[in-house]
Amino acid sequence: MSDTTAAPAVPLIHDVPADAILTVEDAAIAFGQVRALKGASMHARRGEVTAIVGDNGAGKSTLIRCISGVHAPDSGRITFDGHEVEFKTPHAARDAGIETVHQNLALVEDLTVWQNLFLNREIVRGVGPLRLLDRRAMRSRADEMVSSLAVNVPAVGSRVRRLSGGQRQAVSICRAAGFASKLIIMDEPTAALGVQETARVEELITRLKSEGHAILLISHNFAQVLRLSDAVWVMRAGRCVAGRRTAQTDGDEIVGLITGARAGDIPVEAA
Amino acid sequence: MTTTRTDTATPSAPTAQRARAGGLIRWVLDPANLADWAALVGLVVLVVVFQALNSSFLSAGNIQSMLVAAAILVVLAVGQTFVVATAGIDLSIASVMTLAAVVFGTVFASGAGLLVAALAALATGALVGLANGLVISKGRITDFIVTLGTLSAASGLALIIADGKPRTIISGPLLRLATGHVGIFGYSFLIALVIAVVAHVVLFHTRFGTYVLATGGNAEAASATGVPTARIKTAVYVIAGVLAGIASILLVARVGAAEPAANTAFLLNSVAAVVLGGVSLFGGRATIVGPVIGALLLTALVNGLTLLGVSQFYQPLSVGVVVVLAAFLTRFQK
């Protein structure tokens, strides 16, 4: 973190690295009369935590839904891992290596931890219609996944219903991290957690980054963004109005950019 | 069935077995799982009481006739379990059985072979189930209303096809199906048993089964991970329909006729067996063993009361009381 007398921050928008894991150019989408995205551009580098901040309704969730294949943007380009992509479904995005940790976690409470980790990715053996689940293999793989990542290890055979909020978040993140994903999108991963559990999840995020995962983090918590991220994008009214290296900005500047008190890096669209 | 892992330390080979046994005991005594055993406890209590009151209750002959009498209900309860596991309900299951029985009778009487008649019964069940499933999953209409409509429509169709009259079916193989046995196990009970075992494997050892439970547990989460929840919902009604078709063959064999009768007791008892078996009506939690034991319990109850000379009129009353008690127990223990 730098103080305000440091060199002027470099707008990231003019500094797209050649090997960015993800670039979004001019993505726009409208739902009826509501223009949720009005030409948003951003990028994320490999092996970094890239944060997206912005007020409610700024378009953060819509942007990540475009990236994770829930919505298809009306116009604009998304390039992932060197290829231009157009995901029709979340499944397609998942196959390409984009995993999303949903805000509501997308866990089935009555299934066990290992069943959730392998949901729709079950290990089966046998041929043709006689394919049976390899429960043993999934349990032991799940055990490895959970114990190598999470600090607060839940037993893989217990039902998710019995887990604490932090443990559920850990399971959700393990699921996203466990399957050779190239980019993990996390939507408010600590919004519902207490102080200790938040610290554990942050530890997990740092760990994933150190293992080489690229992470896209949506958060309302500026302190957390400054702690965890390498780059920050600020969204306002459906656009990414500014991007900064986290080391070259501070909380005040980000707040100013979010509220519009500070001008962004791109000309404001005439209303 | 799963056993909870009780410790985080990695157990060495000899201690692993002890830890697993300890885990099993803890798993059985866990209140959340104890509810799953309500049916078994109830069955044991009933057996002890009836045996004490009438020593012929546990005679080989009576056990055999009870198991045969339970076969149809077991098959229907298994079908109902798949639907309830997705948080749905199939109120039409018994009338679909009636319709399939009438179709079976009509096709058989037209001179087609037994096999053709049986296939026609299965196809009838599958088609009605598919219609149920599509209207519920694609049409997004409440399962309760859709299957209530099908209940009426299927029994009406059965009356129309049969012209309101029962049709006697005389067939050697069907008679053997109804009366033949291996030891104390009648053929029809063995068929029900095989269906239950297959259903257990499907529910707990295939991807499809996991998707059924996931769809019932949290449909939103399941579709977020790519589970085709609409197709799963359709599929469970098809399964219930096909099993109703199989049950119709057992019914025709047992009665010796294809009747356009209402069979409402079968509907109520199929739901009752599922509830007794500890399956959550909210979906996501299910076993096959539970409803099978629930079906045995209900059959033993009726059989025991008959042996004791209690008037038939008391049977629906007692079934109702037992079911509500079981539901209360389940709720109380959670």
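In what follows, chains carry the letters A, B, and so on, assigned in the order in which the sequence lines appear, proteins first and then strands, with residues in each chain numbered from 1. Because the structure is a prediction, the values reported are computed rather than measured.
Counting heavy-atom neighbours within 6.0 Å of B:Phe144 CZ, excluding the residue itself, gives a total of 12 or less. Counting non-hydrogen atoms of other residues, nucleotides and ligands closer than 6.0 Å to CZ of A:Arg121 gives a total above 12. Annotation for A:Glu84: atom CD counts as buried by contact number, over 12 foreign heavy atoms lying within 6.0 Å. Shown here is A:Arg131, whose CZ atom has no more than 12 heavy atoms of other residues, nucleotides or ligands within 6.0 Å.
Nearest heavy atom pair, residue B:Phe204 against residue A:Leu133, reads O-CD1, 3.8 Å. The minimum heavy-atom distance between A:Leu119 and B:Ala214, with the atom names listed, is CD1-CB, 3.9 Å.
With a threshold of 4.5 angstrom between heavy atoms, B:Phe208 does not approach chain A through any atom at all. For chain B, no part of A:Arg161 is nearby; none of its heavy atoms comes within less than 4.5 Å.
For the pairing with A:Val108, the side chain to side chain contact (heavy atoms under 4.5 Å, CB included) check across B:Asn218, B:Val227, B:Thr225 returns one residue only, B:Asn218.
Residues passing the side-chain hydrogen bond (donor to acceptor under 3.5 Å, both in side chains) test with B:Thr234 are B:Ser137, sequence neighbours excluded. Residues meeting the side-chain hydrogen bond (donor to acceptor under 3.5 Å, both in side chains) test with A:Ser229, sequence neighbours left out: A:Thr246.
One finds the CD atom of A:Glu122 at 13.5 Å from the NE2 atom of B:His205 (value rounded to the nearest 0.5 Å).
Ranked by heavy-atom pairs under 4.5 Å with chain B, the list A:Thr89, A:Leu111, A:Asn116 is led by A:Leu111. When each of A:Val70, A:Thr100, A:Asn120 is checked for heavy-atom pairs under 4.5 Å with chain B, A:Asn120 comes out on top. When B:Gly209, B:Gly284, B:Gly283 are compared by the number of non-hydrogen pairs under 4.5 Å with chain A, B:Gly284 comes out ahead.
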